[in-house]
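Here is the structure we will look at, set down as structure tokens.
Quick note: numbers below take in every heavy atom, side chains included, and nothing from hydrogens, waters or symmetry partners.
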Amino acid sequence: MRELVAVFFPDLCAACQKPLFKGEETVCTSCLSALPYTDYHLYADNPVEKLFWGRTEVHTGVALFHFHKGNRVQNMLHELKYRGNKHVGLLMGRMMGSRLKEEQRIGHVDYVVPIPLHAKKMKSRGYNQSALIARGIGESTGWNVDEELVVRPVNNPTQTKKTRFERFQNVEGVFALCDFNPNGPAHVLLVDDVVTTGSTLESCIRLFDGMKDVKVSVCVMAYAE
């Protein structure tokens with residue numbers, strides 16, 4: 001019966017929308033080999049890390065893909081955020097986690113923390129896409145995922161079509177930290193789906209400013225150039 005259903009309603013690749021072959025998961029083999037990987041996990045002072053220079057301190061910054069309008073990565077993000085394809089986030093998280101673990105430039109992480117959604121957005125979408133990526137990272141690294149460490153009590157408007165300064169103003173003060181009392185040094189990895197100006201991540205990073213022996217890294221699925 002499942003084989004018959006697959007004939008008429010085949011699973012489609014999240015990147016190119018062509019039918020997946022047997023053994024392929026979420027993204028077809030052809031797209032996986034053609035995706036625009038950044039390899040930012042391999043070197044310091046990469047474009048993600050440079051976003052925060054002179055603004056706030058980041059231990060390590062990485063992105064899995066380059067994002068350009070109309071490319072496969074945009075299709076995948078659309079599937080993840082608006083079409084309920086949760087598998088995209090989990091798969092991309094596992095892929096990112098394996099790279100971080102292999103290279104070890106980032107070192108050990110104590111808390112993998114997704115950028116939270118406001119309760120209203122969470123209710124309408126039904127899930128947090130950044131949390132799915134974070135869970136994938138946790139699965140492939142064994143690092144602890146904490147989805148309640150940072151919360152979003154303010155329901156700010158979308159960042160889309162805002163200038164860099166407007167984006168910074170839009171996210172100022174919208175996040176809060178919950179019961180963070182690490183016993184000794186701690187490394188926090190903030191996870192989001194895409195970074196453009198870094199304003200959202202910066203607002204979260206600032207929650208940890210002034211905390212002794214706490215370092216913060218950032219990890220995103222895509223870097224928008």
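- Side-chain contact between Met122 and Asn128 is present, with at least one heavy-atom pair separated by less than 4.5 Å.
- The side-chain heavy atoms of Asn75 and Cys16, taken from C-beta on, include no pair separated by under 4.5 Å.
- The heavy-atom pair separating Ala222 from Ala63 by the smallest distance is C-CB, 4.3 Å.
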The test is side-chain contact (heavy atoms from CB on, under 4.5 Å); show your working for Tyr223 and Leu51 and say whether it passes.
CA-CA 11 Å; Tyr223 170 64; Leu51 281 176; 3.9 Å; yes
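- Going from atom CZ of Arg206 over to atom CD of Glu57 covers 11.5 Å, rounded to the nearest 0.5 Å.
- Between atom OG1 of residue Thr200 and atom CG of residue Leu190 there is a gap of 11.5 Å, rounded to the nearest 0.5 Å.
- A continuous path of hydrophobic side-chain contacts links Leu201 to Leu149 [ILVMFWY only; heavy atoms under 4.5 Å].
- Using a 4.5 Å cut-off on side-chain heavy atoms (C-beta onward), Val195 and Phe67 make no contact.
- Salt bridge annotation for Arg55-Glu49: absent, with no cationic side-chain nitrogen under 4.0 angstrom from a carboxylate oxygen.
- Of the charged side-chain nitrogens involved, at least one lies within less than 4.0 Å of a carboxylate oxygen, so that Glu25 and Arg94 count as a salt-bridged pair.
- Cluster membership for Leu32 and Val88, using ILVMFWY side-chain heavy atoms within less than 4.5 angstrom, is shared.
- Counting heavy atoms from C-beta outward, Val62 and Val48 have side chains that stay 4.5 Å or more apart.
- For the atom pair CE (Met211) and CG (Leu207), the distance works out to 7.5 Å, reported to the nearest 0.5 Å.
- In this structure, CG on Leu189 lies 12.5 Å from CG on Asp146, to the nearest 0.5 angstrom.
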Given the rule in the side-chain contact (heavy atoms from CB on, under 4.5 Å) test, do His41 and Arg105 qualify, once you have shown the distances and angles that lead to the verdict?
CA-CA 7 Å; His41 63 291; Arg105 187 172 72 87; 5.6 Å; no
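- Atom OG1 of Thr38 is separated from atom CZ of Arg99 by 8.5 Å, given to the nearest 0.5 angstrom.
- Here the closest heavy-atom approach between residue Val174 and residue Pro153 is recorded as O-CD, 3.1 Å.
- The residues Asp193 and Lys81 are annotated as salt-bridged, a charged nitrogen and a carboxylate oxygen being separated by less than 4.0 angstrom.
- Shown here for Thr26 and Leu20, the closest heavy-atom pair between the two residues is N-CD1, 3.5 Å.
- Applying the side chain to side chain contact (heavy atoms under 4.5 Å, CB included) test between Met221 and each of Val191, Val194, Leu80, Asp192 identifies Leu80 as the sole match.
- Proximity of Pro116 to Phe175: side-chain heavy atoms (C-beta onward) are separated by under 4.5 Å at one or more points.
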For side-chain contact (heavy atoms from CB on, under 4.5 Å), just list the numbers for Ile115 and Arg152, CA-CA rounded to whole Å, side-chain angles, deciding distance to a tenth of an Å, and then say yes or no.
CA-CA 8 Å; Ile115 300 300; Arg152 194 174 198 145; 4.1 Å; yes
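- Side-chain contact between Phe180 and Val150 is absent, with no heavy atoms from C-beta onward closer than 4.5 Å.
- Taking the centre of each ring, His187 and His108 stay at or above the 6.0 Å mark.
- Side-chain contact, Glu202 with Thr56: no donor N or O sits under 3.5 Å from an acceptor N or O.
- The side chain to side chain contact (heavy atoms under 4.5 Å, CB included) with Cys13 is formed by just one residue from the set Pro19, Ser30, Cys28; it is Cys28.
- Using a 4.5 Å heavy-atom threshold, the side chains of Arg125 and Tyr82 count as touching.
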Leu64/Met95 under side-chain contact (heavy atoms from CB on, under 4.5 Å): CA gap, chis, key distance, verdict
CA-CA 8 Å; Leu64 186 58; Met95 291 173 63; 4.2 Å; yes
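- Residue Val113 is not grouped with residue Val151 when hydrophobic side chains (ILVMFWY) are merged at heavy-atom distances under 4.5 angstrom, including chains of intermediate members.
- Around the CD atom of Glu148, the shell of radius 6.0 Å holds no more than 12 heavy atoms that belong to other residues, nucleotides or ligands.
- Ring centroid separation for the pair Tyr40 and His66 comes in under the 6.0 Å cut-off.
- If you chain together hydrophobic residues whose side chains sit under 4.5 Å apart, Trp143 and Leu90 fall into the same group.
- Counted within 6.0 Å of CZ on Phe21, heavy atoms from surrounding residues, nucleotides or ligands total 12 or fewer; the atom is thus considered open.
- Met92 places a side-chain heavy atom less than 4.5 Å from the side chain of Met76.
- Between the side chain of Asn85 and the backbone N or O of Ala14 there is no donor-acceptor pair closer than 3.5 Å.
- Linking ILVMFWY residues whenever their side-chain heavy atoms come closer than 4.5 Å, directly or via other members, places Met96 and Leu35 in the same cluster.
- Note that OG1 of Thr141 and NZ of Lys101 are 6.0 Å apart. Values are rounded to the nearest 0.5 Å.
- Here the side chain of Ser217 pairs a donor or acceptor atom with the backbone of Thr60 at under 3.5 angstrom.
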